[in-house]
Protein chains: 2
Amino acid sequence: MSQRKTKAERRRELLMAARDAFVEKGLSAATVDDIVAGAGVARGTFYLYFSDKRAVFEALVDEFLAALGVRVRSIVLGPDEPPPRAQLRDNVRRVVELALEEPGIVKLALADATGVDPDLDDKLHAFYEGLRSLIDESLEVGQQLKMVRPGDRRVMVAIGLGGLKEVLVDAVRGHIEADPDVITDEIMAFLAGGLLVDERLDG
Amino acid sequence: MSQRKTKAERRRELLMAARDAFVEKGLSAATVDDIVAGAGVARGTFYLYFSDKRAVFEALVDEFLAALGVRVRSIVLGPDEPPPRAQLRDNVRRVVELALEEPGIVKLALADATGVDPDLDDKLHAFYEGLRSLIDESLEVGQQLKMVRPGDRRVMVAIGLGGLKEVLVDAVRGHIEADPDVITDEIMAFLAGGLLVDERLDG
DNA sequence: GGTGTCACTGACGTCAGTGTCAGTACGCGA
DNA sequence: TCGCGTACTGACACTGACGTCAGTGACACC
């Protein structure tokens, strides 16, 4: 039998236990029993705080998205503002840092969450749609200001978003060096110049 | 009661029904009953062809990976060969075409499959690891030949792979125009020059 | 020390999905 | 027409995850 805690403490314990269970076993394989075992409470207690597994996952995602929202700031033009590219870099760096701070959530939200069940998908799809729009608008402004090359913005958005997601997931998984400076520099280099050097060297 | 079919026909029917069920309901929510209903056979028949749901998913992934393997060819240098960049472009285009031909599988393998259960994950992770190595080696050669800019290849691989995945998934979902030429051109433009135009225009 | 409140408990009934297997239907060769 | 093999069937027993709710214990206030 577990100690009496404040509502907020107990809720947090359950959230963290849920996060760990989801990361370890996968979203759909993790059970409510896993979660309560991790939190050290009885099965019934879970249902005092969340209506079901889906609800606790939504709470986790909401928390992460809120944290993400705090770190991403619109790029502002003006004589007193840092250069746009520096503002962009700061955004990238803050997102990379958040990802490295919350590896479990990154794996869940960026890699694991889709396709598990349609309800959960909706939440993430809506988020990604918002993110896509944000990037798309930024690119449109950038194109008007001739700071972004012309091209099909939907494809640009997809490559950028997909690339960022994969980098973060890989960093979190330890596949790539988890140094935010290195990662940020590489992302910026990719955005600035792609991968290939000079077409005339070919053939 | 269903008609008698050859083993191969029946197996294919089950595979296609499984693919449809997975795409429609999500990997973990789809049941063996959904699959057999789609194939128009009884529950028991399923188990004559596949040991369980995981096995039929593996078979689907294997088929897709084999098709992918056929379309991706190593880049060969030589006086009688097309320019490397053209060979790269051909690879990209063939992969884009395959994705557009098999939208269901693309959604499953590229977007939905991870995190469902650890067994299934292993299969895809192994595949991605192979793909990563392939791209990494190509980049290494490219760097030695000065056709690829210097930089942390692991990050380059992640951005490239993630970007490609997201583009294909978006194309399949109808978020971006499903014209293989447009998509291929945009991917090549990204690889060749990134997104940003000229640093000196900033600030 | 009685009483009410509140967080928590965990055994229980339920149910959806699983994998099985004895039985059925069909085609074919004797 | 009989017998045999093979593909297929679907009712069944089983499992494990779910959500509930009557009950327990601790604390506060009188």
Pair Arg19(A)-Glu13(A), salt bridge (Lys or Arg N to Asp or Glu O under 4.0 Å): steps then yes or no
CA-CA 10 Å; Arg19(A) 179 198 61 191; Glu13(A) 284 177 352; over 6 Å; no
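- Summarising the geometry of Ala30(A) relative to Lys53(A), their closest heavy-atom pair is O-NZ, 2.9 Å, with the distance given to 0.1 Å.
- Summarising the geometry, the separation between CZ on Arg54(B) and P on dT18(C) is reported as 15 Å, rounded to the nearest angstrom.
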Check: protein-nucleotides 13-17 of chain D nitrogen or oxygen pairs below 3.5 Å:
none

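- The interatomic distance linking Glu13(B) (CD) with dA7(D) (C1') rounds to 13 Å, in whole Å.
- Looking at heavy-atom distances under 4.0 Å, Phe50(A) makes no contact with the nucleic acid at all.
- Nearest-nucleotide assignment on DNA chain D puts the 5′-proximal partner with Ala42(B), out of Ala42(B) and Gly44(A).
- Taking Asp80(B) as the reference, nothing meets the side-chain hydrogen bond (donor to acceptor under 3.5 Å, both in side chains) condition, with sequence neighbours excluded.
- Residues Val56(B) and Leu14(B) fail the side-chain proximity criterion, which asks for heavy atoms closer than 4.5 Å.
- Comparing dT9(D), dC8(C), dT20(D) against the side chain of Tyr47(A) picks out dT20(D) as the nearest.
- Here the C1' atom of nucleotide dT18(C) and the CD1 atom of Ile35(B) are 12 Å apart, to the nearest Å.
- For the pair Lys7(A) NZ and dC6(C) P, the interatomic distance rounds to 10 Å; values are reported in whole Å.
- We find that Arg154(B) and Asp170(A) are not joined by a salt bridge, their nearest charged nitrogen and carboxylate oxygen being 4.0 Å or further apart.
- Separating the CD atom of Glu9(B) from the P atom of dA7(D) is a distance of 13 Å, rounded to the nearest angstrom.
- The pair Glu129(B)-Arg132(B) meets the salt-bridge criterion, with a side-chain N (NZ, NE, NH1 or NH2) lying under 4.0 Å from an Asp/Glu carboxylate O.
- Atoms CZ (Arg12(A)) and P (dA7(C)) sit 19 Å apart, rounded to a whole Å.
- We find that CZ of Phe46(B) is positioned 14 Å from P of dC8(D), with the value rounded to whole Å.
- As rounded to whole Å, 9 Å separates atom P of dG19(D) from atom NZ of Lys53(A).
- Residues meeting the side chain to side chain contact (heavy atoms under 4.5 Å, CB included) test with Pro103(A), sequence neighbours left out: Val172(A).
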